[in-house]
Protein chains: 2
Amino acid sequence: MDLFTEHGFEQVTVAEIAARAGLTERTFYRHFSDKREVLFPDASPLYTGLTDAVAAAPDSASPMETVAAVLEATAAFFIDRHEFSRRRYAVITANAELREREAVKLASLADALAAGLRERGVAEPAASLAAEAGIAVFKVAHVQWVTADDPEDLADLMRAALDELRTALNP
Amino acid sequence: MDLFTEHGFEQVTVAEIAARAGLTERTFYRHFSDKREVLFPDASPLYTGLTDAVAAAPDSASPMETVAAVLEATAAFFIDRHEFSRRRYAVITANAELREREAVKLASLADALAAGLRERGVAEPAASLAAEAGIAVFKVAHVQWVTADDPEDLADLMRAALDELRTALNP
DNA sequence: TCCATGATGTCAGTTTCTGACATCAAACGT
DNA sequence: ACGTTTGATGTCAGAAACTGACATCATGGA
């Protein structure tokens, strides 16, 4: 992260990253599938948290209520990482390859969410749409969270964004 | 496209693509910024179509009504390209790098849409949320369109998806 | 007819990423 | 305690993606 903040992502070679970590380039590739991936630390806790939250929602919950519950759980995941998220966001937005990677990560999060909803009996395309809407809310709130001078509560931002989306679609 | 359908995207080298086109590898890179880009032909008409549609919406139109109008215009853009879209979709979904590229393209479409809405006086985060919702609808409808055995009308699929999203958010 | 311009070719080099094999240390069974 | 197994790391060679610098060539205008 230090190397990237100082020189920018493209200017840093994998050999340099490895050297800074006291490792070999080859070893770097044993830990990360490619150079970009080093900025997307293991997301499996996020996925399991998401999947659990979908499953934990009461049977009576509508698709969007389920999504709202998932967003709450997701916000908790980020609570201790505000400073890290800020730096990471700065590096990522400054580089096209990284924005690409970020976009797929969010897309596969949406896929996982849609799969969870289908598991609950939500039919397509309702499941995908609810999931995409949820991720849209997440994206917007997350940007606000990392760019705001005064760090607000991520969960609050998500709730507000979800409300805003609701009224936009049914004025 | 022939090369990709037969051998898969990864197995085809840029040298092979260039040779098939009767060109040099270096010349390939003068036409496309990278190997993936060859599957994302010049999207500027799509962007200008989108921007025009946003601007053309009546002042009285709400953000989501504007988005709906944009989706109609976008559908028209794809009307003659069903077969091409099918092949392209098959190649892209089969490869991670290409799914990445597809994801950013859609994200930047969302950005353009949000910018257009802001131009109309829609505030943030409403503009981004409406734009993301619109792109979500597009994604879902587009998948249905290219995977359905019997090619339905893309505009119809989008309208249906938008309705579905509406009811999901306000049951 | 000459020349300016834009597109293409040639070539060398950097960087990312991968496969194959070697090495080393900690953990394990006896 | 000792040989072995296993997992992590190192070494090396090489393919493929990309880039910069310069040469060539065709086309159209002065």
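Since we're looking at a predicted model, the values are computed, not measured. Computed from heavy atoms alone, side chains included, the values below leave out hydrogens, waters and symmetry copies.
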Give the residues of [range] touching DNA chain C, defined as any heavy atom closer than 4.0 Å, sorted by residue number.
| range | answer |
| --- | --- |
| residues 35-43 of chain A | A:Lys35, A:Arg36 |
| residues 1-19 of chain B | none |
| residues 92-104 of chain A | none |

Does a distance-only test, which skips hydrogens and angles, find a donor-acceptor pair under 3.5 Å between the side chain of B:Arg30 and the base of C:dG6?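 No, the side chain and the base share no sub-3.5 Å donor-acceptor pair.
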Just so I know, are the side chains of [X] and [Y] near enough to count as touching, which here means a heavy-atom distance under 4.5 Å?
| X | Y | answer |
| --- | --- | --- |
| A:Leu117 | A:Thr66 | yes |
| A:Thr74 | A:Val70 | yes |
| B:Leu169 | A:Leu165 | yes |

Taking [atom1] from [X] and [atom2] from [N], how many angstroms apart are they, rounded to a whole number?
| X | N | atom1 | atom2 | answer |
| --- | --- | --- | --- | --- |
| A:Asp34 | D:dC18 | CG | P | 13 Å |
| B:Arg26 | D:dT19 | CZ | P | 8 Å |
| A:Glu25 | D:dC12 | CD | C1' | 12 Å |
| B:Tyr29 | C:dT10 | OH | C1' | 16 Å |

In plain terms, say whether B:Lys105 and B:Glu37 are close enough for a salt bridge, that is, a side-chain N and a carboxylate O under 4.0 Å apart.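 So B:Lys105 pairs with B:Glu37 through a salt bridge.
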Aromatic rings B:Tyr89 and B:His142: how do their planes relate, parallel, tilted or perpendicular, breaks at 30° and 60°?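 Perpendicular.
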Would you call the rings of A:Phe138 and A:Phe78 parallel, tilted or perpendicular, where under 30° means parallel and over 60° means perpendicular?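 Geometry flag for A:Phe78 against A:Phe138: tilted rings.
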With sequence neighbours excluded, give me every salt bridge (charged side-chain N to carboxylate O under 4.0 Å, His left out) pair touching residues 5-23 of chain B.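 Residue pairs passing salt bridge (charged side-chain N to carboxylate O under 4.0 Å, His left out), neighbours aside: none found.
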For residues 63-87 of chain B, which residue pairs qualify under salt bridge (charged side-chain N to carboxylate O under 4.0 Å, His left out), counting only residues two or more places apart or in two chains?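 Matches after skipping sequence neighbours: B:Asp2-B:Arg87, B:Glu72-B:Arg159.
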Below 4.0 Å: OP1/OP2 of D:dT9 and any side-chain N or O of A:Thr24: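 No, because none of the side-chain N or O atoms of A:Thr24 sits under 4.0 Å from OP1 or OP2 of D:dT9.
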Side-chain N or O of B:His31 versus OP1/OP2 of C:dT8: is the shortest distance under 4.0 Å?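 Answer yes for this pair, as a side-chain N or O of B:His31 is under 4.0 Å from OP1 or OP2.
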A:Phe40 six-ring face occupied by A:Arg88 cation (under 6.0 Å, within 45°):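 Yes, a cation-pi geometry holds between A:Arg88 and A:Phe40.
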Do A:Phe4 and A:Val38 pass the side-chain contact (heavy atoms from CB on, under 4.5 Å) test, and can you show the C-alpha distance, the side-chain angles, and the key distance before you say yes or no? CA-CA 11 Å; A:Phe4 294 152; A:Val38 76; 3.8 Å; yes
Side-chain donor/acceptor pairs under 3.5 Å, residues 49-61 of chain A, sequence neighbours excluded:
from, atom 1, to, atom 2, distance (Å)
A:Thr51, OG1, A:Tyr47, O, 2.7

